[in-house]
Amino acid sequence: MRIDLEVSLDPTLGCGQAHRWHKLDDGSWEGVWRNQVVTMKQISPTSVEVIGTDDRKGITRYLGGDDDLETIISEISKRDEYVASLTDRCPGMRILRQDHWECLATYLLATNANVKRIGQMVESVCDHFGDDLGRRHGFPTPKQILDGCGCIAECRLGFRESRFITLAERVESGDIDVESFSEMNYEECVAALQDINGIGPKVADCVALFAFENMEAFPIDARISKVMEDIYGVTGSYKAVSAYGREKFGEYAGYAQEFLYHADFISRQARSRNPCHCSWQKCRRSA
DNA sequence: CAGGTC
DNA sequence: CCTGG
(Lines give C-alpha, C1' and ligand atoms only; values in the text may rest on other atoms or scores of the structure.)
Protein backbone atom coordinates (compact mmCIF):
# COMPACT_ATOMS: atom_id res chain seq x y z
CA MET A 1 0.00 0.00 0.00
CA ARG A 2 1.41 3.32 -1.02
CA ILE A 3 0.79 6.34 1.18
CA ASP A 4 1.25 9.79 -0.26
CA LEU A 5 2.36 11.98 2.59
CA GLU A 6 5.27 14.28 3.23
CA VAL A 7 7.07 12.21 5.83
CA SER A 8 10.69 11.27 6.40
CA LEU A 9 10.91 7.86 8.02
CA ASP A 10 14.51 8.00 9.28
CA PRO A 11 14.14 10.90 11.72
CA THR A 12 10.52 10.02 12.52
CA LEU A 13 10.95 6.32 13.31
CA GLY A 14 14.64 6.21 14.13
CA CYS A 15 15.24 8.99 16.61
CA GLY A 16 13.87 7.62 19.83
CA GLN A 17 10.19 8.59 19.77
CA ALA A 18 9.11 4.97 19.48
CA HIS A 19 11.30 2.02 20.31
CA ARG A 20 10.14 -0.87 18.17
CA TRP A 21 11.28 0.17 14.70
CA HIS A 22 14.38 -1.46 13.25
CA LYS A 23 16.02 -0.37 10.05
CA LEU A 24 16.57 -3.33 7.75
CA ASP A 25 19.46 -3.81 5.34
CA ASP A 26 17.39 -2.62 2.39
CA GLY A 27 16.73 0.65 4.18
CA SER A 28 13.13 -0.06 5.09
CA TRP A 29 11.79 0.09 8.64
CA GLU A 30 10.20 -2.89 10.37
CA GLY A 31 8.07 -2.52 13.46
CA VAL A 32 4.92 -3.69 15.18
CA TRP A 33 1.85 -1.53 14.97
CA ARG A 34 -1.46 -2.64 16.50
CA ASN A 35 -0.28 -6.25 16.66
CA GLN A 36 0.71 -6.30 13.00
CA VAL A 37 4.29 -6.62 11.76
CA VAL A 38 4.56 -3.57 9.54
CA THR A 39 7.29 -2.58 7.10
CA MET A 40 7.62 0.94 5.72
CA LYS A 41 9.89 2.06 2.96
CA GLN A 42 10.62 5.56 1.81
CA ILE A 43 9.79 5.86 -1.89
CA SER A 44 10.15 9.61 -2.26
CA PRO A 45 10.10 12.58 0.12
CA THR A 46 6.33 12.50 -0.16
CA SER A 47 5.46 8.82 -0.29
CA VAL A 48 6.06 5.59 1.59
CA GLU A 49 5.26 1.98 0.78
CA VAL A 50 3.59 0.21 3.69
CA ILE A 51 3.39 -3.57 4.01
CA GLY A 52 1.65 -5.52 6.75
CA THR A 53 -1.52 -3.48 7.22
CA ASP A 54 -4.19 -2.07 4.96
CA ASP A 55 -5.40 0.52 7.46
CA ARG A 56 -4.39 3.54 5.43
CA LYS A 57 -6.15 6.05 7.65
CA GLY A 58 -4.79 4.50 10.83
CA ILE A 59 -1.16 4.34 9.75
CA THR A 60 -1.33 7.86 8.33
CA ARG A 61 -2.60 9.11 11.63
CA TYR A 62 0.12 7.14 13.46
CA LEU A 63 2.74 8.90 11.33
CA GLY A 64 1.40 12.28 12.39
CA GLY A 65 -0.11 12.71 8.94
CA ASP A 66 -2.91 14.87 10.31
CA ASP A 67 -0.40 17.52 11.36
CA ASP A 68 -0.08 20.46 8.99
CA LEU A 69 3.70 20.70 8.82
CA GLU A 70 3.65 23.99 6.97
CA THR A 71 1.65 25.71 9.70
CA ILE A 72 3.66 24.09 12.49
CA ILE A 73 7.05 24.93 11.00
CA SER A 74 6.03 28.46 10.24
CA GLU A 75 4.78 28.91 13.80
CA ILE A 76 7.92 27.61 15.55
CA SER A 77 10.20 29.28 13.00
CA LYS A 78 8.81 32.74 13.51
CA ARG A 79 9.42 32.32 17.23
CA ASP A 80 13.07 31.38 16.90
CA GLU A 81 15.74 31.86 14.27
CA TYR A 82 17.81 28.87 15.24
CA VAL A 83 14.90 26.43 15.03
CA ALA A 84 13.95 28.07 11.73
CA SER A 85 17.38 27.18 10.40
CA LEU A 86 16.92 23.53 11.40
CA THR A 87 13.55 22.88 9.82
CA ASP A 88 14.93 22.87 6.24
CA ARG A 89 17.49 20.24 7.13
CA CYS A 90 14.89 17.78 8.21
CA PRO A 91 11.83 18.00 6.00
CA GLY A 92 9.09 15.52 6.73
CA MET A 93 10.03 14.77 10.32
CA ARG A 94 6.81 14.19 12.24
CA ILE A 95 5.63 13.44 15.74
CA LEU A 96 4.05 10.00 15.97
CA ARG A 97 0.69 9.27 17.57
CA GLN A 98 1.61 6.17 19.54
CA ASP A 99 -0.68 3.70 21.25
CA HIS A 100 -1.57 5.11 24.66
CA TRP A 101 -0.81 2.08 26.79
CA GLU A 102 2.28 1.03 24.86
CA CYS A 103 3.79 4.49 25.01
CA LEU A 104 3.08 4.86 28.71
CA ALA A 105 4.50 1.45 29.63
CA THR A 106 7.52 1.89 27.36
CA TYR A 107 8.50 5.26 28.78
CA LEU A 108 8.14 3.92 32.30
CA LEU A 109 11.09 1.72 31.36
CA ALA A 110 13.07 4.60 29.90
CA THR A 111 14.44 5.96 33.16
CA ASN A 112 18.20 6.02 33.54
CA ALA A 113 18.76 3.91 30.44
CA ASN A 114 20.16 4.74 27.03
CA VAL A 115 18.18 4.35 23.83
CA LYS A 116 19.69 1.00 23.03
CA ARG A 117 18.86 -0.42 26.41
CA ILE A 118 15.29 0.88 26.33
CA GLY A 119 14.85 -0.95 23.05
CA GLN A 120 16.24 -4.14 24.55
CA MET A 121 13.93 -4.00 27.55
CA VAL A 122 10.87 -3.28 25.43
CA GLU A 123 11.67 -6.05 22.96
CA SER A 124 12.26 -8.47 25.82
CA VAL A 125 8.93 -7.63 27.43
CA CYS A 126 7.19 -8.15 24.08
CA ASP A 127 8.95 -11.45 23.41
CA HIS A 128 8.02 -12.76 26.87
CA PHE A 129 4.40 -11.64 27.12
CA GLY A 130 3.12 -10.31 23.79
CA ASP A 131 1.23 -12.13 21.05
CA ASP A 132 3.41 -14.17 18.72
CA LEU A 133 3.19 -12.46 15.33
CA GLY A 134 5.83 -14.53 13.54
CA ARG A 135 8.89 -12.37 13.07
CA ARG A 136 8.04 -10.23 16.08
CA HIS A 137 5.77 -10.12 19.11
CA GLY A 138 3.05 -7.63 19.94
CA PHE A 139 3.29 -5.23 22.85
CA PRO A 140 1.66 -7.04 25.78
CA THR A 141 -1.58 -5.97 27.39
CA PRO A 142 -1.59 -5.37 31.14
CA LYS A 143 -3.30 -8.74 31.58
CA GLN A 144 -0.67 -10.54 29.52
CA ILE A 145 2.03 -9.01 31.69
CA LEU A 146 0.30 -10.02 34.92
CA ASP A 147 -0.44 -13.55 33.70
CA GLY A 148 3.19 -14.12 32.85
CA CYS A 149 4.84 -12.05 35.52
CA GLY A 150 6.41 -15.11 37.17
CA CYS A 151 9.22 -14.90 34.66
CA ILE A 152 9.52 -11.13 34.46
CA ALA A 153 12.97 -11.29 36.00
CA GLU A 154 14.15 -12.67 32.67
CA CYS A 155 13.36 -9.29 31.10
CA ARG A 156 16.06 -7.70 33.29
CA LEU A 157 14.24 -4.45 33.89
CA GLY A 158 16.16 -3.80 37.10
CA PHE A 159 14.57 -1.35 39.51
CA ARG A 160 11.91 -0.61 36.87
CA GLU A 161 10.46 -4.11 37.25
CA SER A 162 8.25 -3.48 40.28
CA ARG A 163 7.04 -0.16 38.84
CA PHE A 164 6.17 -1.90 35.58
CA ILE A 165 4.14 -4.61 37.34
CA THR A 166 2.38 -2.07 39.53
CA LEU A 167 1.42 -0.03 36.48
CA ALA A 168 0.01 -3.13 34.77
CA GLU A 169 -1.97 -3.95 37.93
CA ARG A 170 -3.40 -0.47 38.27
CA VAL A 171 -4.45 -0.35 34.62
CA GLU A 172 -5.89 -3.87 34.65
CA SER A 173 -7.91 -3.17 37.81
CA GLY A 174 -9.30 0.03 36.36
CA ASP A 175 -7.59 2.13 39.03
CA ILE A 176 -5.85 3.93 36.17
CA ASP A 177 -7.97 4.72 33.12
CA VAL A 178 -5.42 5.34 30.40
CA GLU A 179 -8.02 6.62 27.96
CA SER A 180 -9.13 9.31 30.38
CA PHE A 181 -5.78 11.04 29.90
CA SER A 182 -6.70 11.91 26.34
CA GLU A 183 -9.59 14.08 27.56
CA MET A 184 -7.26 16.21 29.64
CA ASN A 185 -5.39 19.36 28.74
CA TYR A 186 -1.60 19.44 28.98
CA GLU A 187 -1.36 20.45 32.65
CA GLU A 188 -3.95 17.92 33.78
CA CYS A 189 -2.46 15.16 31.67
CA VAL A 190 1.06 15.65 32.99
CA ALA A 191 -0.19 15.88 36.57
CA ALA A 192 -2.20 12.67 36.24
CA LEU A 193 0.73 10.86 34.65
CA GLN A 194 3.04 11.93 37.46
CA ASP A 195 0.75 10.27 39.97
CA ILE A 196 2.02 6.98 38.59
CA ASN A 197 4.95 5.55 40.48
CA GLY A 198 8.06 5.74 38.32
CA ILE A 199 6.81 8.61 36.19
CA GLY A 200 8.33 12.00 36.80
CA PRO A 201 8.17 15.22 34.79
CA LYS A 202 10.38 14.05 31.91
CA VAL A 203 8.55 10.81 31.18
CA ALA A 204 5.19 12.54 31.69
CA ASP A 205 6.12 15.12 29.04
CA CYS A 206 7.19 12.40 26.60
CA VAL A 207 3.97 10.45 27.04
CA ALA A 208 1.83 13.60 26.88
CA LEU A 209 3.54 14.48 23.59
CA PHE A 210 3.98 11.11 21.87
CA ALA A 211 0.73 9.44 22.93
CA PHE A 212 -1.76 12.08 24.06
CA GLU A 213 -1.19 14.73 21.42
CA ASN A 214 -0.19 17.55 23.72
CA MET A 215 1.98 19.26 21.17
CA GLU A 216 3.04 22.00 23.56
CA ALA A 217 4.89 19.49 25.77
CA PHE A 218 8.64 20.15 25.74
CA PRO A 219 10.45 17.17 27.28
CA ILE A 220 13.93 17.88 28.65
CA ASP A 221 16.18 14.87 28.38
CA ALA A 222 19.94 14.85 28.75
CA ARG A 223 20.46 15.86 25.12
CA ILE A 224 17.93 18.71 25.09
CA SER A 225 19.26 19.91 28.40
CA LYS A 226 22.67 20.47 26.79
CA VAL A 227 21.12 22.12 23.75
CA MET A 228 19.13 24.52 25.89
CA GLU A 229 22.28 25.53 27.71
CA ASP A 230 24.55 25.72 24.65
CA ILE A 231 22.14 27.47 22.29
CA TYR A 232 19.88 29.51 24.55
CA GLY A 233 21.96 29.78 27.73
CA VAL A 234 19.07 28.32 29.72
CA THR A 235 19.81 26.18 32.77
CA GLY A 236 17.94 25.31 35.92
CA SER A 237 15.32 22.91 37.18
CA TYR A 238 13.37 20.60 34.90
CA LYS A 239 10.27 22.68 35.44
CA ALA A 240 12.01 25.93 34.58
CA VAL A 241 13.74 24.75 31.41
CA SER A 242 10.65 22.95 30.14
CA ALA A 243 8.46 25.99 30.80
CA TYR A 244 10.97 28.14 28.94
CA GLY A 245 10.61 25.84 25.92
CA ARG A 246 6.82 25.92 26.03
CA GLU A 247 6.72 29.69 26.31
CA LYS A 248 9.33 30.28 23.64
CA PHE A 249 7.95 27.87 21.06
CA GLY A 250 4.26 27.94 21.87
CA GLU A 251 1.56 25.43 20.97
CA TYR A 252 3.89 23.30 18.83
CA ALA A 253 6.86 23.33 21.22
CA GLY A 254 7.05 19.54 20.93
CA TYR A 255 7.93 19.86 17.27
CA ALA A 256 10.60 22.45 18.06
CA GLN A 257 12.01 20.02 20.59
CA GLU A 258 12.19 17.28 17.97
CA PHE A 259 14.03 19.54 15.51
CA LEU A 260 16.51 20.56 18.21
CA TYR A 261 16.95 16.96 19.26
CA HIS A 262 17.45 15.67 15.75
CA ALA A 263 19.91 18.42 14.76
CA ASP A 264 22.03 17.70 17.82
CA PHE A 265 21.84 13.98 17.16
CA ILE A 266 23.11 14.46 13.61
CA SER A 267 25.87 16.89 14.56
CA ARG A 268 27.22 14.63 17.30
CA GLN A 269 27.06 11.68 14.95
CA ALA A 270 29.07 13.63 12.39
CA ARG A 271 31.61 14.71 14.97
CA SER A 272 32.26 11.19 16.22
CA ARG A 273 32.55 9.81 12.69
CA ASN A 274 34.80 12.59 11.52
CA PRO A 275 37.41 13.46 14.15
CA CYS A 276 39.24 15.83 11.79
CA HIS A 277 36.40 18.25 12.37
CA CYS A 278 37.87 18.75 15.85
CA SER A 279 41.41 19.19 14.64
CA TRP A 280 40.15 21.67 12.10
CA GLN A 281 38.73 23.72 14.96
CA LYS A 282 42.04 23.48 16.81
CA CYS A 283 43.92 24.65 13.73
CA ARG A 284 41.60 27.53 13.36
CA ARG A 285 41.92 28.52 16.96
CA SER A 286 45.71 28.40 16.92
CA ALA A 287 45.89 30.27 13.63
C1' DC B 1 27.94 6.71 33.40
C1' DA B 2 23.26 6.20 30.64
C1' DG B 3 16.97 9.91 27.23
C1' DG B 4 15.10 9.93 35.72
C1' DT B 5 12.64 8.94 39.80
C1' DC B 6 11.80 7.98 44.59
C1' DC C 1 18.84 2.28 42.24
C1' DC C 2 19.35 -2.53 38.22
C1' DT C 3 21.98 -3.47 34.42
C1' DG C 4 25.06 -3.32 30.48
C1' DG C 5 27.64 -0.76 26.68
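Below, chains carry the letters A, B, ... as their sequence lines are ordered, and counting in each starts from 1.
A side-chain donor from one of A:D131 and A:Q144 sits under 3.5 Å from a side-chain acceptor of the other. Between the side chains of A:R246 and A:S242, a donor-acceptor pair is found at a separation under 3.5 Å. Between A:S47 and A:S44, the side chains place a donor N or O and an acceptor N or O closer than 3.5 Å (distance only, hydrogens not considered). Side-chain contact, A:S173 with A:D175: no donor N or O sits under 3.5 Å from an acceptor N or O. When only modelled atom types and interatomic distance are considered, A:Y255 and A:D67 share a side-chain donor-acceptor pair under 3.5 Å.
Under 4.0 angstrom from either OP1 or OP2 of C:dC2 there lies no side-chain N or O belonging to A:R160. For the pair A:Q17 and B:dG3, the criterion of a side-chain N or O lying under 4.0 Å from OP1 or OP2 is not met.
The pair A:D55-A:R34 meets the salt-bridge criterion, since a charged nitrogen lies less than 4.0 angstrom from a carboxylate oxygen.
In this structure, the CG atom of A:N197 is 12 Å from the C1' atom of B:dG4, given to the nearest Å. Atom pair A:Q269:CD and B:dG3:C1' shows a separation of 16 Å (rounding to whole Å applied). The nearest whole Å value for the distance from the NZ atom in A:K202 to the P atom in B:dA2 is 13 Å. In this structure, A:R223 places its CZ atom 15 Å from C1' of B:dC1, rounding to the nearest Å. To the nearest angstrom, P of B:dG3 lies 17 Å from CG of A:L260. Protein atom CD1 of A:I118 is 15 Å distant from nucleotide atom P of C:dG4, rounded to whole Å. Look at CZ on A:F265: it is 16 Å from P on B:dA2, rounded to the nearest Å. C:dG4 atom P lies 13 Å from atom CD of A:E154, rounded to whole Å.
Here A:Y238 lies out of heavy-atom contact (under 4.0 Å) with every strand. Within the 4.0 angstrom heavy-atom criterion, only backbone atoms of the sugar-phosphate kind lie near A:G200; the bases stay farther away. In this structure, A:G198 reaches the sugar-phosphate backbone alone: every heavy-atom distance under 4.0 Å involves primed, P, OP1 or OP2 atoms, never a base. At the heavy-atom level, A:E161 lies nowhere under 4.0 Å from the strands shown. At the heavy-atom level, A:I199 lies under 4.0 Å from the strands shown only through sugar-phosphate atoms. Using a 4.0 Å heavy-atom distance criterion, A:P201 is classed as a sugar-phosphate-only contact.
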- Message: Would A:E123 and A:R136 count as a salt bridge (charged side-chain N to carboxylate O under 4.0 Å, His left out) here? Give the steps.
- Response: CA-CA 9 Å; A:E123 215 57 28; A:R136 305 279 296 273; 2.9 Å; yes
- Under the side chain to side chain donor-acceptor pair (under 3.5 Å) rule, what do A:Y186 and A:D205 come out as? Steps first, then yes or no, please. CA-CA 9 Å; A:Y186 167 73; A:D205 271 334; 2.6 Å; yes
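Nearest-nucleotide mapping onto DNA chain B: of A:Q194 and A:Q257, the residue sitting toward the 5' end is A:Q257. When the nearest nucleotides of DNA chain B are assigned to A:C15 and A:R163 by heavy-atom distance, the more 5′-ward of the two goes with A:C15.
Residues A:M1, A:I3, A:L5, A:V7, A:L9, A:L13, A:W21, A:W29, A:W33, A:V38, A:M40, A:V48, A:V50, A:I59, A:Y62, A:L96 make up the rest of the hydrophobic cluster containing A:L63, defined by ILVMFWY side-chain heavy atoms closer than 4.5 Å, directly or through other members.
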- Message: If a pair means Watson-Crick or G-U wobble with both distances below 3.5 Å, what does DNA chain C look like in dot-bracket form, with | marking bases paired to a different strand?
- Response: |.||.
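Listed candidates were B:dG3, C:dT3, C:dC1. Nearest to the side chain of A:F159 is C:dC1.
The six-membered or imidazole ring of A:H100 lies away from that of A:F181, with a centre-to-centre distance of 6.0 Å or more.
Annotation: proximity of residues 95-117 of chain A to DNA chain C (heavy atom, distance under 4.0 Å) is found for A:N112, A:R117, numbered in ascending order.
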